[in-house]
Amino acid sequence: MKILIVCLGNICRSPLAEGILKHKAEEAGLSWQIDSAGTNGFHNGEPPHHLSQKVAIKNGIDISCQLSRKFIRADVKMYDRIYAMADDVMDEIRQIAGSDFVENKVGLFLDELADIRNKNVPDPWYGDEDGYHEVFELIERGSSAIIRNYLTPKQLSNT
Ligand code: 4NP
């Protein structure tokens, strides 16, 4: 399975999500390809924000080798599943994809969690370090749910 996770800058939220989901997929023995991108392209070629890197490494995940890249229309065809970090990102994806947009391929990352009211991962870009810890926790919960939701029907069908 090829998964793309998208935020605005691809330096704060989606690099964390790429790192966390990769880590959890490996732990679960799933050989998924997981990448991330940003809709605005302002930080093309840059590594993740230092606070995203700091929070990740504190939790045993190294995201320092990632580089920001812009989300492009062709990504919709390239990936099996695309997750947007928030509604505004979803709107941007829809705009960039144009007529290539595929409704059932693209969804909100936190939609995988049934028990959460606000489905947007907040943008920590303008805030302090606390925001990055909050974002890490939300993304970790969302990543666990993605793996759980993927595995559960399979396990049931095997019994
Ligand atoms: P991200 O955060 O979408 O989580 O990577 C942002 C980073 C940079 C900008 C916006 C959001 N920016 O406008 O430069």
Side-chain angles (χ1 to χ4, degrees), residues 1-26 32-98 100-103 105-113 115-147 149:
M1 178 138 87
K2 291 171 78 170
I3 297 177
L4 183 68
I5 303 158
V6 187
C7 63
L8 296 175
N10 191 210
I11 54 163
C12 299
R13 292 166 291 178
S14 60
L16 273 175
E18 178 185 329
I20 295 168
L21 188 58
K22 262 184 189 159
H23 185 75
K24 287 186 182 287
E26 277 165 22
W32 287 354
Q33 180 189 322
I34 301 160
D35 300 310
S36 62
T39 53
N40 71 21
F42 292 170
H43 299 273
N44 265 349
E46 290 179 24
H49 190 280
H50 71 98
L51 289 174
S52 286
Q53 292 198 44
K54 181 177 174 183
V55 169
I57 210 78
K58 234 180 153 173
N59 287 277
I61 296 170
D62 183 357
I63 60 169
S64 62
C65 291
Q66 293 182 31
L67 294 176
S68 173
R69 72 139 171 114
K70 191 176 183 331
F71 174 81
I72 56 169
R73 188 177 180 134
D75 284 325
V76 182
K77 283 204 173 77
M78 282 289 298
Y79 290 88
D80 303 309
R81 184 84 188 129
I82 297 172
Y83 288 110
M85 283 284 127
D87 290 326
D88 55 347
V89 178
M90 190 78 147
D91 293 342
E92 293 289 324
I93 290 175
R94 215 179 270 275
Q95 199 146 41
I96 293 166
D100 286 337
F101 188 85
V102 181
E103 198 74 45
K105 249 192 203 191
V106 190
L108 282 177
F109 192 82
L110 294 184
D111 254 354
E112 298 269 350
L113 280 168
D115 62 337
I116 193 162
R117 273 166 63 116
N118 182 2
K119 302 285 188 182
N120 291 328
V121 178
D123 187 350
W125 173 246
Y126 299 101
D128 59 17
E129 187 174 330
D130 286 350
Y132 289 79
H133 288 282
E134 185 192 333
V135 160
F136 185 95
E137 201 180 304
L138 271 173
I139 292 174
E140 181 163 53
R141 287 181 58 203
S143 299
S144 295
I146 287 171
I147 307 253
N149 296 343

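All ligand and atom numbering here is 1-based and tracks the order in the structure.
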So if I count the atoms of ligand 1 from 1 in the order they appear, which ones are less than 4.0 Å from some heavy atom of [X]?
{"X": "C12", "value": "1 (P), 2 (O), 4 (O), 5 (O)"}
{"X": "G9", "value": "1 (P), 3 (O), 5 (O)"}
{"X": "N40", "value": "12 (N), 13 (O)"}
{"X": "H43", "value": "8 (C), 12 (N), 14 (O)"}
{"X": "I11", "value": "5 (O), 7 (C)"}

Within the side chain of D128, is there an N or O that forms a donor-acceptor pair under 3.5 Å with the backbone of D130?
yes
Within the side chain of S68, is there an N or O that forms a donor-acceptor pair under 3.5 Å with the backbone of G9?
yes
Just to verify, which of K70, K2, R69, K105 counts as forming a salt bridge (Lys or Arg N to Asp or Glu O under 4.0 Å) with D75?
R69
For atom 1 (P) of ligand 1, what is the nearest protein heavy atom, given as residue, atom name and distance?
C7 SG, 3.5 Å
For atom 2 (O) of ligand 1, find the nearest protein heavy atom and state the residue, atom name and distance (0.1 Å precision).
D123 OD1, 3.1 Å
Any salt bridge between [X] and [Y], counting N to O under 4.0 Å?
{"X": "D115", "Y": "R141", "value": "yes"}
{"X": "R94", "Y": "E103", "value": "yes"}
{"X": "K22", "Y": "E26", "value": "no"}

